[in-house]
Structures are given as structure tokens and as C-alpha cells.
Number of protein chains: 2
Amino acid sequence: MNKINRKLEYALIGLKHMRAKAPGELTSVKELASAYGVPFDAASRVMQVLAQKGVLISEQGAHGGYMIGRDLARLSYAELSEILLGKVAIARCIGDSADEGACEMRGSCNIVTPVQMLNRKINEFYRGLSVAELLGVPSSKKKREPEMPQQNFEAEAEA
Amino acid sequence: MNKINRKLEYALIGLKHMRAKAPGELTSVKELASAYGVPFDAASRVMQVLAQKGVLISEQGAHGGYMIGRDLARLSYAELSEILLGKVAIARCIGDSADEGACEMRGSCNIVTPVQMLNRKINEFYRGLSVAELLGVPSSKKKREPEMPQQNFEAEAEA
DNA sequence: GTTAAATACGATCTTTTTTGTCGTATTTGA
DNA sequence: TCAAATACGACAAAAAAGATCGTATTTAAC
């Protein structure tokens, strides 16, 4: 669950759109659909999930809509991804505890450790990347370019 | 194409297995299938592709098989992934030139830049990570004592 | 109060992607 | 000549992703 899929796209599109608005101003899904061509139902579902998790705040009824409910500088890309797609797992053998035994080759697999390490590195990177940063800080603030955790696969193995 | 899928798994499993062998010693797909439970046909095709690209060297005929054909320290994970899955693309709008216009939302999309930035970072990371490193360098830490018995199939499994 | 516009959400259908299998040809050592 | 291996195109099955439908609920405006 690593690739940016439609859910994640719709989330980012919506968040970027809403971030440009005045505080308290709402955005309807219809607005997103007509502005970006995203499918109404699918995008709607994504916003609902984000609202459940507090990333967005929803107002029901006529003139309802969504607005940003959390400081995006304190929302990591990892967290956003987890909300929509579940834990960041670069392969089957990683997954949530539910899928833990998903791979039938466990036990005879000789690459469990490498895969786990790679997954950990990706995770660290995603966790250190805020959604605000990803979307591009609109103000004049200096943007910190987060780097992938560099090399040292062996060195950090026991960290 | 970012996630480790079966193709990449079979490739890594095979490479790790072959790396433990003496120079010139061949590994048949049948051997991989019985040792790790990987499906013969699927794994076979992966090895064929790797052989076409010079990562492996194939010997046909009876007693044939594959052996490593390139220094894995100079083969990046990015390159391996590209051979099997095409260019590393974290979203549709990135892809190979063929898929370039794959996303119908281009033109109205407000997150092209963020997605490209993220893709670039991932790419850099994958490009700086060698397959040797990923599989765990069997050097300093795990230096093998002078020539243990060679048929160490089971010994390789590290799960 | 009725209506219109919006979110809420379960269920299902469709499409796409991934994965595995089959059939056949070719190579090569014994 | 046979057996064991790679080579490879074509197809089938399975899984995942994505979109849509139906209905309920909320709320502002009239």
C-alpha cells in the first residue's frame, strides 16, 4: 500500500484546495468534482473518512461542506496514507497484524529481513514528511526538503 | 510501480540464493521452486528477463540454470525495479512516456508538482540503494568461515 | 412544513492489474 | 535419442482498485 492511488489523490487534491481558502470557509464535494473532474461519489467517500479522523471538519445540510480540521504541518504523509490505505507496507509480509501471515512463503522466505528494512526506511521517510510540506508551503517560509534516510542499512539495523 | 510485487520478490529471492553460491555454480528454477515454494513458471520468466538484461547469465540444456552476471553492488534497486516493473512511478501521471497522459485529470490537477517531488525523492533513494546492500552484505559481520559445506539450502533461509 | 442541497454510508458492479498456468519450441549433456 | 533444462507467447484466474447506486439524514431557505 505504497503507491499514490485515487483515494490518496482525491485527498491531496481536496486538502490543497481547501488550504487555499479563508479559515471557516467550506468546500463541497461538488465543488471539487467540477473543479478537478474527480468522481463525486468516490471523492465524497474519501472526505468522509478524513472527517471521521479529524483531518477535515464536516458541516452537513444545505451549504454544508468540508474544511481543514488539523494543522497540515503536523499531519505526516504516513498518517494520511494510513488513514486511507492502512499501514504502509511495501510487501505482503509486512501489513497490518491481520494480514501478517498473508504470504504463504513465510518460513521458507530468505528475504524477510531485507524487505522489512526497506519498509522501515520508506516509513521513516513518510513519517518525516508533512502534508503541508508535500503540498508546498504557500507562504514565504523556507521549505525543508526531507531526505530519504540515507544508506546505512547495516548500520541502523538494530536502532 | 513501487510496491514489491511477486516479480520483485522472486528476483530478490533468486539473487540472494545465487549470491551464496560459488562462482560459476548454476541455480535451476526448479531448485528455487522447491527451496522457497515459488511458482515455477512465474519465477522462470523473471529469471529470463533478468538474463536478457545481463543481471543473470543463463546456461541452457540439461544441467543448465542461472548465475549472477553483474556485480550486485553496482546494480541499484531502482534499476532492478525498472527492469521488472518499468520506471519507478508513484502515480499515474509520472510513468513512462507511453503512459505520460494516462491521467485524465491532467490540466486541471492541482497536485502535479507535489507528486513529482515525492516521486523524485523515492527515485533518488532507490537509485542510491544497491541490491547488494539491500540483500545484506555478507561481508564484515557475516563473514563466512573458510568454506562451509556447499549444499546449504536450508542454512540460507533466515526467517 | 416543504423543498433543495448537502453529507453519510452500505452494497454492489465494473474495470484494471496482478498473478499463475498451459502449450510448445529449443538447447544440451548423457 | 532421451531427459532436463531454459525460452516464450498466449491465455485464464484471482485479486485489487475504482466507480456507481440507493437510501437515509441533516440543515438552510422559502
Side-chain angles (χ1 to χ4, degrees), chain A residues 1-11 13-14 18 25-34 36-53 55-67 69 81 84-86 89 91-92 95-96 98-99 102-105, chain B residues 1-11 13-14 18 25-34 37-53 55-67 69 81 84-86 89 91-92 95-96 99 102-105:
Chain A
M1 317 293 180
N2 197 1
K3 199 171 166 183
I4 296 185
N5 63 6
R6 295 293 183 190
K7 285 183 183 176
L8 223 27
E9 279 179 20
Y10 302 156
I13 287 174
M18 292 176 204
E25 196 176 352
L26 295 173
T27 297
S28 71
V29 177
K30 185 181 174 187
E31 187 180 326
L32 294 175
S34 68
Y36 306 106
V38 301
F40 182 91
D41 280 349
S44 184
R45 179 67 63 81
V46 168
M47 301 307 147
Q48 282 164 30
V49 172
L50 292 182
Q52 282 173 356
K53 296 292 183 173
V55 174
L56 296 180
I57 293 172
S58 80
E59 297 280 339
Q60 292 191 335
H63 302 108
Y66 299 92
M67 60 189 227
S81 176
L84 296 172
L85 309 176
R92 287 162 209 68
D96 307 38
D99 311 323
C103 184
E104 342 64 55
M105 298 192 296
Chain B
M1 313 307 172
N2 197 0
K3 199 172 168 182
I4 296 184
N5 62 6
R6 294 294 184 191
K7 285 183 183 175
L8 263 178
E9 278 180 20
Y10 302 157
I13 287 173
M18 293 175 203
E25 195 175 353
L26 296 173
T27 297
S28 71
V29 176
K30 184 180 175 188
E31 187 179 326
L32 294 176
S34 69
V38 302
F40 181 91
D41 281 348
S44 185
R45 254 208 323 236
V46 167
M47 302 307 147
Q48 284 164 30
V49 172
L50 292 182
Q52 282 172 356
K53 297 291 184 176
V55 174
L56 295 180
I57 292 172
S58 80
E59 298 278 340
Q60 291 190 336
H63 302 109
Y66 298 91
M67 61 188 223
S81 177
L84 296 172
L85 309 176
R92 287 161 209 70
D96 307 37
D99 310 324
C103 184
E104 343 65 52
M105 298 192 296

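Computed from a predicted model, the values in this text were never measured in an experiment.
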Quick check: do [X] and [Y] have side-chain heavy atoms less than 4.5 Å from each other?
X: A:Glu31; Y: A:Tyr36; result: no
X: B:Gln48; Y: B:Ser44; result: yes
X: B:Arg6; Y: A:Arg92; result: yes
X: B:Leu32; Y: B:Met47; result: yes
X: A:Val55; Y: A:Val49; result: no

Whole-Å distance separating the [atom1] atom of [X] from the [atom2] atom of [N]:
X: A:Ile4; N: D:dG18; atom1: CD1; atom2: P; answer: 12 Å
X: A:Leu50; N: C:dA8; atom1: CG; atom2: P; answer: 11 Å
X: B:His63; N: C:dT26; atom1: NE2; atom2: C1'; answer: 18 Å
X: B:Phe40; N: C:dG23; atom1: CZ; atom2: P; answer: 15 Å
X: A:Lys3; N: C:dT16; atom1: NZ; atom2: P; answer: 14 Å
X: B:Leu26; N: C:dG29; atom1: CG; atom2: P; answer: 11 Å
X: A:Glu59; N: C:dT7; atom1: CD; atom2: P; answer: 11 Å
X: A:Lys53; N: C:dA8; atom1: NZ; atom2: C1'; answer: 16 Å

Taking the side chain of [X] as heavy atoms from C-beta outward, which of [options] is closest to it?
X: B:Asp41; options: C:dT19, C:dT21, C:dA8; value: C:dT21
X: B:Ala42; options: D:dA19, C:dG20, D:dA5; value: C:dG20
X: A:Ser28; options: C:dT7, D:dT20, D:dT6; value: C:dT7
X: A:Arg92; options: D:dA7, C:dT19, C:dA6; value: C:dT19
X: A:Gln60; options: D:dT27, C:dG29, C:dT19; value: D:dT27

Which part of the nucleic acid, if any, lies within reach of B:Asn5 when heavy atoms closer than 4.0 Å are counted: base, sugar-phosphate only, or nothing?
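B:Asn5: backbone/sugar contact only, no base atoms under 4.0 Å.
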So what does A:Gln52 hit on the nucleic acid, given a heavy-atom distance under 4.0 Å: a base, only sugar-phosphate, or nothing?
sugar-phosphate
Is [X] near enough to [N] that one of its side-chain N or O atoms lies under 4.0 angstrom from OP1 or OP2?
X: B:Lys30; N: D:dA5; answer: yes
X: B:Lys7; N: C:dT18; answer: no
X: B:Tyr10; N: C:dG20; answer: yes
X: B:Tyr66; N: D:dA7; answer: yes

Has the side chain of A:Arg45 got a donor or acceptor atom sitting under 3.5 Å from an opposite partner on the base of D:dG18?
no
Quick check: closest heavy atoms across B:Tyr66 and B:Ala51, and the distance to 0.1 Å?
CE2-CB, 4.0 Å
Closest to the 5' end of DNA chain C, once A:Ala62 and A:Ser44 are matched to their nearest nucleotides, is A:Ala62
